[in-house]
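Scroll down for the structure; my scribbles are underneath it.
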Amino acid sequence: MPTKTPTWMTILIILVSLPVFSLPALLDSVPADDESLRTIVWCYPFYLLLSGYLAWFAYPQRPTVSWILIVLMVLSSAAIWMLPGAVL
């Protein structure tokens with residue numbers, strides 16, 4: 001039973017977590033009068049970093065949970081970028 005997360009998985013998690021650096025551009029795309037959407041966008045980096053850490057931490061014992069977290073990170077990144085354009 002492996003006791004350490006492999007390097008390739010660590011690199012994958014870091015790559016999936018990179019959209020956290022796009023927060024300023026994402027905040028610029030949110031309409032100024034929509035505080036609820038702005039709150040969701042501010043929570044997004046914390047979610048992404050926590051999910052990345054949990055995926056890295058869970059991989060040695062539960063690789064399936066780690067893969068599910070990675071897929072959710074990718075889907076939430078796509079959704080958060082689509083959200084400001086969907087607001088009327």
Side-chain angles (χ1 to χ4, degrees):
M1 179 180 221
T3 60
K4 184 179 167 190
T5 303
T7 305
W8 63 268
M9 183 56 132
T10 303
I11 292 171
L12 177 65
I13 292 169
I14 291 170
L15 287 175
V16 172
S17 299
L18 283 178
V20 80
F21 294 111
S22 65
L23 181 65
L26 188 57
L27 283 171
D28 285 343
S29 68
V30 174
D33 61 339
D34 196 350
E35 288 300 318
S36 61
L37 182 57
R38 190 168 293 279
T39 303
I40 292 171
V41 170
W42 271 107
C43 291
Y44 167 69
F46 300 110
Y47 158 74
L48 204 62
L49 293 175
L50 181 63
S51 293
Y53 171 73
L54 292 174
W56 177 81
F57 186 74
Y59 187 81
Q61 285 83 26
R62 301 182 185 268
T64 306
V65 171
S66 186
W67 281 109
I68 290 170
L69 285 169
I70 290 172
V71 168
L72 288 175
M73 289 169 65
V74 170
L75 291 174
S76 66
S77 294
I80 201 79
W81 275 100
M82 292 171 48
L83 190 59
V87 175
L88 297 175

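Each residue takes its place number in the sequence, starting with 1.
- Note on Val41 and Leu18: same hydrophobic cluster, where clusters join Ile, Leu, Val, Met, Phe, Trp and Tyr whose side-chain heavy atoms are under 4.5 Å apart, directly or indirectly.
- Between Asp34 and Val30 the shortest heavy-atom distance is O-CG1, 4.1 Å.
- The shortest side-chain heavy-atom distance between Pro19 and Leu48 falls under the 4.5 Å cut-off.
- The two atoms that bring Gly52 and Met73 nearest to each other are N-SD, 3.7 Å, heavy atoms only.
- For the pair Met9 and Tyr59, the tightest heavy-atom approach, listed with the atom from each and the gap, is CE-CD1, 3.3 Å.
- Residue Ile68 holds its CD1 atom at 11.0 Å from CZ of Arg62, rounded to the nearest 0.5 Å.
- Within the 4.5 Å cutoff, the side chain of Ile40 has heavy atoms near those of the Ile80 side chain.
- In this structure, Ser51 and Leu54 have side chains that are not in contact, with every pair of non-hydrogen atoms separated by 4.5 Å or more.
- Under the 4.5 Å side-chain heavy-atom criterion for Ile, Leu, Val, Met, Phe, Trp and Tyr, Val74 and Phe46 are members of distinct hydrophobic clusters.
- Considering only heavy atoms from C-beta on, Leu23 comes within 4.5 Å of Trp42 through its side chain.
- Looking at Phe57 and Ser66, their side chains never come closer than 4.5 Å, going by heavy atoms from C-beta outward.
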* Could you walk me through whether Leu12 and Trp67 pass the side chain to side chain contact (heavy atoms under 4.5 Å, CB included) check? -> CA-CA 10 Å; Leu12 177 65; Trp67 281 109; 3.6 Å; yes
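- Here the side chain of Thr5 pairs a donor or acceptor atom with the backbone of Trp56 at under 3.5 angstrom.
- In the hydrophobic cluster analysis, where Ile, Leu, Val, Met, Phe, Trp and Tyr join through side-chain heavy atoms closer than 4.5 angstrom, Leu69 is grouped together with Leu50.
- Note that CG of Asp28 and OG of Ser22 are 11.0 Å apart. Values are rounded to the nearest 0.5 Å.
- Arg38 and Ala32 make their closest contact through NH2-CA, 4.0 Å (heavy atoms, listed as atom of the first residue, atom of the second, distance).
- In the hydrophobic clustering of this structure, Leu49 groups with Tyr44; members are Ile, Leu, Val, Met, Phe, Trp, Tyr whose side-chain heavy atoms approach within less than 4.5 Å, directly or through other members.
- In the hydrophobic clustering of ILVMFWY residues, with side-chain heavy atoms under 4.5 Å counting as a link, Phe21 and Val16 come out together.
- Screening Leu15, Leu75, Ile13, Val65 for a side-chain contact (heavy atoms from CB on, under 4.5 Å) with Ile70, the sole residue that qualifies is Ile13.
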